[in-house]
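In the text below, chain A, chain B and the rest are named by the order of the sequence lines, each starting its count at 1.
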Amino acid sequence: MRTKIKDILTSEQVDYSVNLKGWVRSFRNNQFIALNDGSIIHNIQVVINPETTDESLLKSIQTGAALSIEGTVIASQGKGQTVEVVANSVTLLGECNPEEFPLQAKNRPSLEYLREIAHLRFRTNVFGAVFRVRHSIAYAIHKFFNDKGFVYLHTPIVTASDAEGAGEMFRVTTLPFDNPPRLENGEIDFTEDFFGKSTNLTVSGQLEAELAAMAFGEVYTFGPTFRAENSNTTRHLAEFWMVEPEVAFNDLEDNMNLAESFIQYIIKHVLDNNMEDLKFLDERLINEEKQKPANERSEMGLLEKLQFVIDNQFERITYTQAIEILLQSKPYQKKQFKYDVAWGIDLQSEHERFLVEKHFKKPVIVTDYPKDIKAFYMRLNDDGKTVAAMDILAPGIGEIVGGSQREERLDHLTKRMAEMDIPTAEMYWYLDSRRFGTAPHAGFGLGFERMVLFITGMTNIRDVIPFPRTPKNAAF
RNA sequence: UCUUCCUUAGCUCAGUUGGUUAGAGCACCUGACUGUUAAUCAGGGGGUCGCUGGUUCAAGUCCAGCAGGGAGAGCCA
């Protein structure tokens, strides 16, 4: 029966036998093995007697090797740790050639280099911490919604809808790409394709979630999402995970309250359950920021920031108020913004960053955007110019949540779709929800990896997903 | 996709106004030591300077193209 290193290190007990299995992080003095099994960020010190250990076995205890160890947990005889394991026997499970294994204890591989060996980077402290936290966030999401009585809805990965307008899509087809069947006018004949129509990978599960919300009341999706945009930034992936709650009878205010309590719940869960990893990530961030000039360093440490977010309410302003604040801001008056500010523009990154990082210094919820810069399904406000949308902007990340109250009035919805050239005929299944017992409802989408970025303090989204899919990169 | 920067040993990086056999630290190998804490000490091996072409008596260094990567931006979650 294997004992996890986490259980040994978090227990005060000594003088009991254990079987440990894990991977060697370092081997000092031919006598001290730092062993890690991924259950906790810390290693356990295993002490062996070099006199009584077979010489070829001794040589095989190299960084990265997998070992099984029978031994006894004792109070440490040396400084630096409270308990250690004295080995009775050591078994080599898998050797690790040190001339080829890149993760040697004293190497300082960059995050960029580790990204190129993403299949091995789990064996480092940084990525161990990041992916344990990622798991914990995913668990907290399910727990939050489950405890509130939401139904977890699996929306399709392959969709036929091309009307959502959420960016470029990956096509799904079994047609031969070198010689597809064609119609008389030369266009590709998708009636011969697998699904009998043109299909692609989902860009959002929202429209389907709305249908289920109109039956269960409260649902959420949590699944992979795909965008074929040629985006090369620290906060975009071609394949990412998105959480999309959708709630019948909620208005915009209810929606904001749900989103805010949701984010605070997740952060609290991680603070309560992953403090060892967070402490390590906090120190990592401090060290990384030492490289930066003083004026670019963040004002708060990671732990401080997370505590701040759960202790303080998010700032809530309308789009119109946001524009006014920007027009009166120093950077605007000194002409330091690259993009002009006027009512009707889409807020640019520099504008969002000013509001969040300089003006309010906390997460900000911006509501009631002009209808022309938002999606067709958002509910038209009484002013006829704005829609009941809300974006949550987070320091260092930008938009982490985008949501709205949905347009439940059939006539308003079809009018808006016509204005935006969205074909209503093939969206009959969506419009049916407004024909048969329509009701006010609202929901939002949260970018899961952006949440992981925010909580771990990592700065590149490729470092918070196990196998990142980005333009020109789908290795492993 | 645009702007900009980068690519030299397994890793992290130096490399002068273009000028002899291209360097360091760590890793690795050999030996020593044995209660160490990214162990330490001594010695050793290791490079088609991203690729292709050009300028030049001479290119890691200058120029062009290509590839890969980073940081911004756009699009968005």
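Summarising the geometry, the separation between NZ on A/Lys472 and P on B/G68 is reported as 6 Å, rounded to the nearest angstrom. Between A/Arg469 atom CZ and B/C76 atom P the separation is 25 Å, expressed in whole Å.
Within the nucleic acid shown, A/Val401 comes within 4.0 Å of sugar-phosphate atoms alone, with no base atom in reach, counting heavy atoms only. Among the protein residues, A/Asn460 comes within range of the sugar-phosphate backbone only, with heavy atoms under 4.0 Å from sugar or phosphate atoms but none that close to a base. Within the 4.0 angstrom heavy-atom criterion, base atoms lie near A/Arg235. Across all strands, A/Thr234 comes closer than 4.0 Å only to sugar-phosphate atoms, never to a base (heavy-atom distances). Base contact: A/Ser231 has a heavy atom under 4.0 Å from a base atom.
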Go through it in stages, so that I can follow the logic: the residues are A/Glu399 and A/Arg235, the test is salt bridge (Lys or Arg N to Asp or Glu O under 4.0 Å), and I'd like the CA-CA distance, side-chain angles, deciding distance and then a yes or no. CA-CA 10 Å; A/Glu399 186 180 341; A/Arg235 49 190 194 287; over 6 Å; no

Given A/Arg284 and A/Glu288, is the salt bridge (Lys or Arg N to Asp or Glu O under 4.0 Å) satisfied, shown in steps? CA-CA 6 Å; A/Arg284 188 204 75 85; A/Glu288 189 181 87; 2.9 Å; yes

What do the steps show when you test A/Phe131 against A/Phe122 for ring-ring contact (aromatic ring centres under 6.0 Å, His included), and what is the final call? CA-CA 8 Å; A/Phe131 292 119; A/Phe122 301 112; 5.4 Å; yes

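B/G69 sits 11 Å from B/G50 when the C1' atoms are compared, rounded to a whole Å. Atom name C1', nucleotides B/U7 and B/U52: the rounded distance is 15 Å, in whole Å. Rounded to whole Å, the separation between the P atoms of B/G25 and B/G45 comes to 14 Å. Here, B/G15 and B/U56 have their P atoms 28 Å apart, quoted to the whole Å. Look at the P atom in both B/U34 and B/G70: the space between them is 48 Å, to the nearest Å. Taking atom P in both B/C75 and B/G65, the straight-line distance is 29 Å, to the nearest Å.
Ionic pairing of A/Glu260 and A/Arg316 is present here: one or more N-O contacts between side-chain nitrogen and carboxylate oxygen are shorter than 4.0 angstrom.
Checked by distance alone, A/Arg450 brings a side-chain donor or acceptor within 3.5 Å of a matching partner on the base of B/C76. A donor and an acceptor atom sit less than 3.5 Å apart, one in the side chain of A/Arg28 and one in the base of B/U36.
In this entry B/U34 has no Watson-Crick or G-U wobble partner, no candidate having both defining distances under 3.5 Å. When both distances must be under 3.5 Å, the Watson-Crick or G-U wobble mate of B/A73 is B/U1. Across all strands shown, B/C11 is found opposite B/G25 as a Watson-Crick or G-U wobble partner, with both distances under 3.5 Å. B/G68: Watson-Crick or G-U partner is B/C6, with both key distances under 3.5 Å.
For the salt bridge (Lys or Arg N to Asp or Glu O under 4.0 Å) criterion with A/Lys374, the lone passing option out of A/Asp391, A/Asp346, A/Asp368 is A/Asp391.
The cationic group of A/Lys305 lies under 6.0 Å from the six-membered ring centre of A/Phe454 and within 45° of the ring axis, placing it in a cation-pi geometry.
Considering OG1 of A/Thr124 and CG of A/Leu114, their distance stands at 5.5 Å, rounded to 0.5 Å.
Between B/G74 and A/Thr233, no contact under 4.0 Å exists linking OP1 or OP2 to a side-chain N or O. Phosphate proximity of B/A73 to A/Arg353: present, with a side-chain N or O under 4.0 Å from OP1 or OP2.
Within residues 97-105 of chain A, the residues having any heavy atom closer than 4.0 Å to RNA chain B are, in order of number, A/Pro98, A/Glu99, A/Gln104, A/Ala105.
For A/His42 and A/Glu276, the side-chain atoms include at least one donor-acceptor pair closer than 3.5 Å.
Between A/Gly447 and A/Gln348, the residue anchored closer to the 5' end of RNA chain B is A/Gln348, taking for each the nucleotide with the nearest heavy atom.
In this structure, the aromatic ring of A/Phe32 is not positioned over the six-membered ring of the base of B/G35 within 5.5 Å between centres and 30° between planes.
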